[in-house]
There are 2 protein chains.
Amino acid sequence: MENFRFYSPTEFIFGRDTQKDCGKALKRYGAAKVMIVYGSDRIKASGLLKEIEDSIAAEGIEFCEYGGIKPNPTAENVYGGIARAVSEGVNFLLAVGGGSPIDAAKGIAMGAVYSGDFWDFYCGKATPAAALPVGVVLTIPAAGSEGSGNSVITNEKTHQKISVRYPFMLRPLFAIMNPELTYSLPWFQTACGIVDMMAHIFERYFSNTPQTQLVDAYSEAIMRDIADQALTLKLDGENYAARADIMWAGTLAHNGLCGVGKEEDWASHRLEHEISAFYDVAHGAGLAVIIPAWMKLCAERNPDKLWRFAINVMSVNPAGKETMEIIDEGISELKNFYHDLGLTTSLRELVGKEPDIDMMVESLHRNMGDTLGCYVPLSMDDCREIYKIALEG
Amino acid sequence: MENFRFYSPTEFIFGRDTQKDCGKALKRYGAAKVMIVYGSDRIKASGLLKEIEDSIAAEGIEFCEYGGIKPNPTAENVYGGIARAVSEGVNFLLAVGGGSPIDAAKGIAMGAVYSGDFWDFYCGKATPAAALPVGVVLTIPAAGSEGSGNSVITNEKTHQKISVRYPFMLRPLFAIMNPELTYSLPWFQTACGIVDMMAHIFERYFSNTPQTQLVDAYSEAIMRDIADQALTLKLDGENYAARADIMWAGTLAHNGLCGVGKEEDWASHRLEHEISAFYDVAHGAGLAVIIPAWMKLCAERNPDKLWRFAINVMSVNPAGKETMEIIDEGISELKNFYHDLGLTTSLRELVGKEPDIDMMVESLHRNMGDTLGCYVPLSMDDCREIYKIALEG
């Protein structure tokens, strides 16, 4: 285990009806004027926005709205939000939704108190010195952004999708998490969220750091539960216990707990970011395509953790089997799981045409340099190979 | 799962040599003058105190010392610390050691900014409105106080040992955790710490709250790892990986993560507190006596979670066995584990004479009222029965 710092100061307010406490939480954290950041009008139609606004008004806090955040939130979303936050003079941002409005709110939070271009913080030209405080009402468990210091923004002009991590600056002060708010999610979004949160654990689990038994053991327990509850939800989308476990697992998957003391990988995420930067696909759906292909390429070069994953998470019975057989079975089981969720594992099927692999690899090279990840350090040729393996799925 | 709030804002600074960053951490958190709270002179002899003081001085922060905190920290320790902190005008407390100096520092933190008697906060006469900030350098993994909002103080005058929990007030701002600092712990203290941290999970795991699959699964993973690493440490006390897992597990066992959404029990802890309030025994050694007896009494009345514990944590093979047989085997395995650690499970052997059970039950009744716990709500007759079962062990 390597030295680490773990800092997760977000207050998680979890359970039924907790959105009604939104105003009280904002008051406790010193909000005077709030900008509510959200995506589609679904939260208006469902009555959630009104419920939240009522609870804010009840505390005598002023607020304005900033909607229209896209599913892969764009730099344009952030620029617009910064302008609005500054002109309205807000001192607090409340993101309502999933990872997209939360990530956009984090970008706005940094940009609103910075004299330069907020994109400087994403392209590596500057480090933020301050940010507006952010609170969250979570409606889509997936990105884990409610408990992380991360933000991913897509710059449509430059075709870049860049993730930043400022754990001491960007963690939300509070996150309100009512599993009932996720009952009405379309199944596809539920499924993509499940793939994404499991992937957040994969990126930390597949590591060469030795002697990480405790963190690996609880990571495996969380992964097994996600897989189990996912199948329950497929049959019964209003199963509170399953919705609650998935929601809490999504937070634990990405608040750092599963990565303490370990070198992290993140190659799969970066390989996927190129897909969703160029094609109109959901991040989770892209991961379902990339991850089995990534595992396939890594299997020969670094089998250890894939072997352990197959047995301890995918429940492959190792009796009488060779290592590679066990790993292959683990990958097959994972693919079956994705198929059970209704997702494809074929890149060609996902993007609906022959994808331009050269273009994606070139962009990856431009964004990430010569190598990617660390469980198996990938050359650009390896990345090309992974996209090719993923073609058929 | 019940609604919950989870708030663990402590910054954990974990790994080799991290005690050298103590001054920097204090600086970041605004310390101007620090009182270092500790127990025995062991930390002087080992050179740790000097290392810490050098790092504080290097940041230009003033400090004073307050040593002599007892293993079960007393109200006298706290009164003395309050007087010292006020007369020195400190604005920060740094506890160095295990749960005892940390718990004492928390008592001092509340008392130093309160015009009344700090004991008001423990006996339920008042709720704290403020407290000095507390930082920690942990040297004994056990109590989990480095990440909790709890403090346990013994009032020797009234023979009361009372635990309070103020999760939004008493959590340390940071905890420095270097597993190497625990290499030199006597084995008995290591063993008692291991029993204590497992018990912190037991108190949350044995619960009647339905549908808590995720939290139970990761709790079981942590308990299994504690048991496994404990046996490694018995053979090799300087095994870094095992020391690191035990240290991190001790924090996770008590920072609230294993109790989210669950009704908690705490009967075993309260039964034990009477033993260490009247007899000179270590808390962990008392728990090793109480817990198997508590399990024995609960087995018939509420077998479900004990059955699950036997199989999932103590690795009892359930094939062809009745429920009670499985539970009995689980309890036996737990006793064997305590014996392997070198601890007795006999109350008589622990206190070295015939214990005064009536006196302990009377005191328990005075402190806790008519019933105790919730997994099986215990009458005072049940408590007497548990002490009796524990006599032989």
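Note: hydrogens, waters and symmetry copies are ignored here, and every other heavy atom, side chains too, is used. In what follows, chains carry the letters A, B, and so on, assigned in the order in which the sequence lines appear, proteins first and then strands, with residues in each chain numbered from 1.
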Heavy-atom distance under 4.5 Å to chain A: side chain of B:Leu252, backbone, both or neither?
side chain

Check each of A:Ile176, A:Leu138, A:Val137 against A:Leu181 using the side-chain contact (heavy atoms from CB on, under 4.5 Å) test, and report the only one that passes.
A:Val137

Heavy-atom distances under 4.5 Å only: say whether A:Val215 touches chain B with side chain, backbone, both or neither.
neither

Is the backbone of A:Gly99 close enough, under 3.5 Å, to the side chain of A:Ser145 for a donor and an acceptor to pair up by distance?
no

Please classify the contact of B:Phe168 with chain A as side chain, backbone, both or neither, using a heavy-atom distance under 4.5 Å.
side chain

Main-chain N/O of B:Ser207 paired with B:Lys262 side-chain donor or acceptor, under 3.5 Å:
no

Chain A contact via B:Gln229 - side chain, backbone, both or neither, heavy atoms under 4.5 Å
side chain

Among A:Met177, A:Glu11, A:Gln211, A:Arg16, which residue forms the greatest number of heavy-atom pairs with chain B at distances under 4.5 Å?
A:Glu11

Part of B:Thr18 lying under 4.5 Å from any heavy atom of chain A:
side chain

Checking heavy atoms, do the side chain of B:Ala244, its backbone, both or neither come under 4.5 Å from chain A?
side chain

When only pairs under 4.5 Å are counted, which of A:Arg171, A:Glu2, A:Met1, A:Gln213 shares the most heavy-atom pairs with chain B?
A:Gln213

Given heavy-atom pairs under 4.5 angstrom as the criterion, report whether the side chain, backbone, both or neither of A:Phe174 touches chain B.
neither

Can you see whether B:Asn255 engages B:Thr251 through a side-chain donor-acceptor pair at a distance of less than 3.5 angstrom?
no

Under 4.5 Å from any heavy atom of chain A - which part of B:Arg28:
side chain

Test your reading of the model: is there a side-chain donor-acceptor pair from A:Arg204 to the backbone of A:His200, 3.5 Å cut-off?
yes

Heavy-atom contact with chain A under 4.5 Å, split by part of B:Asn178:
neither

Less than 4.5 Å apart, side chain to side chain, heavy atoms only: is that true for B:Glu51 and B:Leu48?
yes

Please flag which part of A:Asp17 lies under 4.5 Å from any non-hydrogen atom of chain B: side chain, backbone, both or neither.
neither

Check: B:Tyr218 side chain, B:Leu257 main-chain N or O, donor-acceptor pair, under 3.5 Å
yes

Begin with the C-alpha distance, continue with both residues' side-chain angles, and end with the deciding distance and a verdict on side-chain hydrogen bond (donor to acceptor under 3.5 Å, both in side chains) for B:Arg243 and B:Thr190.
CA-CA 10 Å; B:Arg243 287 284 183 193; B:Thr190 298; 3.2 Å; yes

